[in-house]
Amino acid sequence: MKAILEKGRVPLALCFCFLSALALCMQFSEPELSNAARDSGILNMMENLRLSLDGTAVLSSFVAAALYFLWRHNRQESQRRYVLLPVCCFLMAGIWLMARSFAIDNTLQSLTSGWGQVFKSGVYLLGSAWFLTQLGIALDLFLEQGTDIRTGSGRLLGFYRRHSFLCPFLILLCGCTLPLALVYPGGMNADSWCQAGMYFQVVRPDWGLYEFTSHHPPAHTVYFSSIIALGRKLGSADLGLFAVMLLQAGMHSAVFAYALHTMRQLGAPRYLRVLGLLAAMFSPFYVTAYPTVVKDNVYSWAILLFVVEVICMLHLGRDYWRSGRHMALLALGILGSMLMRNNGKYVIYPMVLLLLILFFIQYKKTGVLRRAALCLLLPVLAANLIQSALMSHYDIEKGSIREALSLPIQQTARYVLERGDEVTAEEKAAIAAVLDYDNMARDYYPMESDPVKDAFNPSATAADVLNYLKTWLRMGLKHPMVYVKATVNQSYPLVYPFAECNRLANGTLSRYHLFAAETIGIHDVEVAPRLNNIRNEFNADLFYLPFTGLVCSIPVHVLVLMLLCCYALSRRRWCFLIPALPLLLSVGIILLAPGISGTPRYAYPIVYSLPVVMAYYCSLAKKE
């Protein structure tokens with residue numbers, strides 16, 4: 001029986017290699033078919049597939065062969081039975097299938113518009129699921145085998161081994177000099193200009209006063225705007241903005257150097273530390289962050305610092321709470337995570353609660369428990385007190401609740417677009433009390449909720465919002481698939497690697513906020529415009545080149561995170577899930593956000609923290 005099963009594996013694997021090659025190489029849009037194919041289901045499938053693969057026979061054959069050798073390698077090296085991994089990969093393939101159709105026309109019609117499309121949908125689902133599973137097994141084998149690169153000796157390596165924090169810190173700091181010089185006085189995105197307009201009380205002729213609200217984190221607004229204000233007092237707002245850039249370059253270098261230092265202490269593979277250093281020096285997600293004022297940058301560095309400290313807690317045990325340096329860095333990570341972005345509390349609160357429960361079980365009735373509780377709770381309390389003090393001192397108005405309703409609003413808009421004829425008068429009245437119902441279907445943009453959300457009624461009461469949420473829930477129960485489509489259509493670039501999320505901040509001035517720049521006194525100084533354009537083009541090219549494109553792909557980071565969690569659950573490495581939780585919570589926050597397409601900065605907490613989380617997983621694997 002075993003021999004029969006063994007003989008059947010090769011033809012089955014070849015079949016899945018064939019399906020995977022088709023899935024990766026075929027065009028998914030429906031081609032123009034002949035009249036004969038339209039009248040016959042079999043001809044429809046055959047002609048549709050042939051036209052979808054036109055000109056890709058050699059490529060698909062190479063892909064199929066490569067996948068077969070990958071399967072052979074996995075079968076020879078691994079004796080494990082994977083159960084959870086194929087299930088997760090099948091679910092992910094389902095999202096990929098929906099994404100292929102959404103990428104065509106923001107609907108799912110391409111999946112079932114004809115027999116040929118139905119056939120291609122089945123091929124794509126099975127082929128992608130098998131492809132992801134084999135990649136997942138290969139990554140698991142690579143991590144478990146402890147493969148690493150060899151290093152020699154030399155003065156630089158000797159210096160690094162003696163100073164594993166100082167060495168990467170100096171390298172990263174030196175790497176910051178050229179980008180900082182080229183973008184002088186610094187970059188600011190639209191949100192940052194709004195924040196500066198709030199702080200400096202700018203009055204625009206077309207908008208009026210920039211009202212100071214907590215829509216953007218007050219602490220971040222005051223932090224960078226006060227430095228610009230100091231520069232103005234000293235004679236130049238440009239110098240004030242450049243001082244912010246210098247401070248951010250220092251934060252960037254220090255936090256990532258500390259993460260690399262911790263990775264070495266964990267015994268992380270050298271290739272992972274080298275890749276982490278190269279990414280921090282050259283990846284567009286890193287090198288366009290510190291020369292730009294964006295709340296997500298400082299917040300993401302704070303999340304990384306917090307994740308590193310959580311890993312150190314687990315790695316050092318009781319000794320962690322005897323280190324004043326670690327406890328100070330932990331407090332700094334919590335404060336930065338909560339103050340630099342409004343949704344940071346949705347990461348910190350669950351993590352603090354989880355850690356307190358774990359420490360209560362582990363350190364019950366000891367002084368360690370009291371110290372841990374104080375180190376976790378005092379920064380949370382301090383962050384809330386600082387927030388309240390800033391709100392009171394600057395007379396900041398509370399931001400609209402619409403930001404928390406981004407996903408429900410997007411789902412409601414899709415429901416009105418697709419099922420508007422089924423909306424009752426009562427439901428319409430409940431929606432109209434909060435949103436612009438009449439223009440909702442017209443304003444709906446599948447990839448982003450802002451066009452519909454911007455029409456939120458500022459006069460809506462708490463009772464109106466509650467009534468709307470009840471209506472939203474009832475409508476979702478009637479047609480849940482509409483809500484699923486709205487969610488996946490908006491967020492599929494988070495996990496679908498064939499849709500690039502590569503919009504980066506490269507300039508100082510925003511065409512929407514030129515008046516604010518003139519009022520504050522910030523200018524777009526072109527130090528070396530040609531060289532800066534080359535730098536920007538180089539950053540853009542990295543998204544599409546082999547290997548570098550993987551490091552610059554948000555979906556790759558998210559998929560690796562999901563795979564690591566699958567491995568940890570399968571092997572019962574529960575400790576890994578603790579530092580991975582902030583990243584998973586960040587994924588959840590992105591799903592509730594206005595949209596990830598064109599806004600990669602939302603995923604920076606995941607991108608920045610993944611290398612050290614991966615290092616911790618390798619450390620656990622090495623211990624076993």
Side-chain angles (χ1 to χ4, degrees), residues 169-202 210 216-257 280-302 336 339-340 504-536 538-539 601 604:
F169 174 74
L170 293 176
I171 292 173
L172 291 171
L173 202 58
C174 291
C176 293
T177 53
L178 180 60
L180 288 176
L182 292 178
V183 301
Y184 178 87
M188 291 178 67
N189 75 340
D191 286 352
S192 302
W193 281 116
C194 283
Q195 292 173 259
M198 292 175 183
Y199 182 87
F200 290 101
Q201 294 291 283
V202 175
Y210 282 86
H216 300 292
H220 182 261
T221 301
V222 173
Y223 139 70
F224 80 85
S225 299
S226 59
I227 299 176
I228 295 175
L230 179 61
R232 287 180 68 184
K233 288 182 179 180
L234 296 176
S236 173
D238 289 341
L239 286 177
L241 178 57
F242 189 63
V244 178
M245 299 301 102
L246 294 175
L247 183 59
Q248 291 191 164
M251 291 187 221
H252 161 86
S253 302
V255 174
F256 285 110
M281 290 183 65
F282 299 109
S283 170
F285 292 149
Y286 296 76
V287 299
T288 62
Y290 58 82
T292 309
V293 178
V294 186
K295 56 193 173 187
D296 305 85
N297 300 343
V298 187
Y299 166 72
S300 301
W301 297 329
L339 291 175
M340 292 296 108
L504 302 170
N506 293 318
T508 299
L509 300 184
S510 167
R511 56 192 171 93
Y512 299 111
H513 302 279
L514 289 176
F515 186 83
E518 293 171 1
T519 304
I520 298 169
I522 295 176
H523 308 89
D524 197 357
V525 181
E526 295 186 349
V527 177
R530 187 173 180 181
L531 186 58
N532 193 39
N533 289 335
I534 293 174
R535 168 182 167 268
N536 292 335
F538 175 74
N539 288 334
R601 56 191 173 92
Y604 283 178

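Put simply, the side chain of Gln195 does not reach to within 4.5 Å of the side chain of Asn189, judged on heavy atoms. A 4.5 Å side-chain heavy-atom check between His523 and Pro185 finds every atom pair outside the cut-off. Side-chain atoms of Tyr184 and Asp238, non-hydrogen and from C-beta on, do get closer than 4.5 Å to each other. Under the 4.5 Å side-chain criterion, counting only non-hydrogen atoms from C-beta, Tyr223 is not in contact with Val293. Looking at Tyr290 and Met245, their side chains never come closer than 4.5 Å, going by heavy atoms from C-beta outward.
For the pair Ser225 and Thr221, the tightest heavy-atom approach, listed with the atom from each and the gap, is OG-O, 2.8 Å. A pairwise comparison of heavy atoms in Gly521 and Ala237 identifies O-CB, 3.5 Å as the closest pair. Between His252 and Trp301, the shortest heavy-atom contact is CB-CZ2, 3.8 Å. Across all non-hydrogen atoms, the minimal contact from Ala243 to Ile227 is CB-CG2, 3.9 Å. Contact record, Val287 with Ala280: CG1-O, 4.2 Å, taken as the closest heavy-atom pair.
Ring centroids of Tyr210 and Phe200 are separated by 6.0 Å or more, keeping the two rings apart.
A distance of 9.5 Å separates CE in Met188 from SG in Cys194, rounded to the nearest 0.5 Å. In this structure, CD in Gln248 is found 6.0 Å from CG in Asn297, a value given to the nearest 0.5 Å. Interatomic distance, Leu172 CG to Ser253 OG, rounded to the nearest 0.5 Å: 5.0 Å. Note: Lys295 NZ to Asp191 CG = 4.5 Å, rounded to the nearest 0.5 Å. For the atom pair CG (Leu246) and CE (Met251), the distance works out to 11.0 Å, reported to the nearest 0.5 Å. To the nearest 0.5 Å, the span separating OH on Tyr286 from CG on Asn539 amounts to 14.0 Å.
A donor atom on one side chain and an acceptor atom on the other are not found under 3.5 Å apart for Arg530 and Asn533.
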Is there a side chain to side chain contact (heavy atoms under 4.5 Å, CB included) between Leu239 and Leu234 once you walk through the steps?
CA-CA 9 Å; Leu239 286 177; Leu234 296 176; over 6 Å; no
Ser236/Phe242 under side chain to side chain contact (heavy atoms under 4.5 Å, CB included): CA gap, chis, key distance, verdict:
CA-CA 10 Å; Ser236 173; Phe242 189 63; over 6 Å; no
I'd like to know whether Ile171 forms a side chain to side chain contact (heavy atoms under 4.5 Å, CB included) with Met281, so could you lay out the CA-CA distance, the side-chain angles of the two residues, the decisive distance to 0.1 Å, and finally the verdict.
CA-CA 8 Å; Ile171 292 173; Met281 290 183 65; 3.5 Å; yes
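Side-chain atoms of Arg232 come within 3.5 Å of backbone N or O of Ile520 as a donor-acceptor pair. Remark: the backbone N or O of Tyr604 is not paired with any side-chain donor or acceptor of Asp296 at under 3.5 angstrom. Formation of a donor-acceptor pair under 3.5 Å by the Thr177 side chain with backbone atoms of Cys174 is found in this model.
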